Amino acid sequence: QRLAAVVTNLAYPVGDLVLLAMVVVVLTLCGWRLNRAWVLLAAGFAAFTVTDSLFLARTAAGTYTAGTIIDAGWLLAAWLIGIAAWRPDVRARTHQLDGPRTLVVPLLGALVTLGVLAKLALGDANAVTTVACVVGLLTVVGRMAISVHDNHSMLRRSRHEASTDALTELGNRRRLLADLHDAVVVAGETATMLVMFDLDGFKTYNDSFGHQAGDALLARIARALGAALPAGARAYRMGGDEFCVIAPLDGSADADRIAGRLAAAMRQHGEGFDIGASFGVALLDGTSAESELLRIADERMYAAKTSSRRGAGRQSADALLAIVRERNPELSLHGDDVAQLALSVAAYLDLENTPIEHVRGAALLHDIGKMAIPDSILSKPGPLNDEEWAFMRRHTIIGERIMVSAPALEPIARIVRASHERWDGGGYPDGLAGTDIPLAAQIVFVCDAFHAITSARPYDRSRSPLEAIAEVRRCAGTQFAPDVVAALTNVLADSPSSRPSLPRTNRPTNSVDAAFASTKPQAS
């Protein structure tokens, strides 16, 4: 029996050597490109070879005793091989197992361990073998738990990626259709609107600046849209330059006004480009299907886009803006900023008789008449004298005269002429007062003043937005229209920009009867 035991035990080191030789052959075929997995496997098989050889020698001599350092050699070898399988070198992976196949190895390990435990239950077992079996079972359970966690994480990630636009991190078309279906179901309980946006001028921007710049622009627009969403609203990117929003409406909310504010937030402008957004609105009534709502919003959006195509007026305005940009870049940037703020205020006030594009055009061109004013006056570091101020007061008339030469700009020219009329009648050039001043001109006047206060001027330091809004509110009812000041205050309070938070107001603040920045207006 002793001879049989020795022969049987001899098979173990021989088998270990065969396995170690196989590892060496594989490494040779791979040009000895070592990685962690193969090194650990070779070390594990070598440890098995040494341990089994020592066990064979002690058994043959009749001196083997259970629980010695030899038994620890088997644990070390098993641990090395297990680590090689547990943490393979990522760079060496050519494929990964998935699905039920990931459980094959843990299940086989569990069955082998259970078999060993059953065998031990029928006879005597030393402590080392029992601990090894317990560790094996815990390892199997841990590996299966990790597999379940990884699968759950991959499922959650795949669901997110399947419903999210990778570029903008907004919901994609699949997510839109699912959320729109849910919104239709509850439309009878909660008033909801669907808004579809299409960017104006994006193709030209893409062609001029490249697709990478276009992608970056889309990401910025998506962030601006997301920051401007009202409570409970969700934004989506349909694809290309089309975006959608599903937003709840309260009893007094106006869908077009909210959509206009979102479109204003999406506007991006800079040197050589001005990107806007046309939109169409569909109200969910609980009876129309999702496809019908999308069709209605799409048709209305393209109708708005068609009506605002670059006609003669837009081309003429762009030509004048190009002149301003070349002659005085700072004045051009000032007009851009005033126009963006004026658009938001106009959308908030929901103009009835004046197209919002007229407000934008007037804000962009309100200083066009200053092209005829000498730089010595425009850039004077101190207050203007009476003669200089009389010359400066002509810039709105000059601006109107320039613009009416293009008949398509005549409505905007009238707004520009009135853009420095005061609410109390003390403005210029016609001394209009109160509601006789076009509402669009009142909007441009207030936004122009706010931007001038917050900008560094040759004759004055820049002030903070809080100081500027306090000054504008102080002059509501004398220099500025109270309703427009209130709208500007609320727009700035709701703004997601980096401005300090401003208090909202439900009614305009009456002002004392005082001048705006000084007893005599400056070249602003």
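Computed from heavy atoms alone, side chains included, the values below leave out hydrogens, waters and symmetry copies. Everything numeric here is computed off the predicted structure, so don't read it as measured data.
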Can you check whether Lys370 reaches Met392 side chain to side chain, under 4.5 Å on heavy atoms?
yes
So with a 6.0 Å cut-off around CZ of Arg234, is the heavy-atom count from everything else above 12?
yes
Would you call Leu439 and Ile443 a side-chain contact if the rule is heavy atoms closer than 4.5 Å?
yes
Do Ile221 and Arg267 touch side chain to side chain, with heavy atoms closer than 4.5 Å?
no
Answer yes or no: is there an ion pair linking Arg417 with Glu410, defined by an N-O contact shorter than 4.0 Å?
no
Hey, is the main chain of Met238 close enough, under 3.5 Å, to the side chain of Arg173 for a donor-acceptor pair?
no
Can you tell me how far the CG atom of Leu341 sits from the CG atom of Asp448, to the nearest 0.5 Å?
10.5 Å
Strictly under 6.0 Å, is that where the ring centroids of His395 and His366 end up?
no
Is a side-chain N or O of Glu242 found less than 3.5 angstrom from the main chain of Gly239, in a donor-acceptor match?
no
More than 12 heavy atoms of other residues, nucleotides or ligands under 6.0 Å from CZ of Arg174: is that the case?
no
Flag for Asp200-Ser278: side-chain donor and acceptor within less than 3.5 Å
yes
Row check, Tyr348 ring normal vs Arg261 NZ/CZ: under 6.0 Å, within 45°:
no
Against Tyr236, only a single residue in Thr168, Asp179, Thr164 fulfils side chain to side chain donor-acceptor pair (under 3.5 Å); can you say which?
Asp179
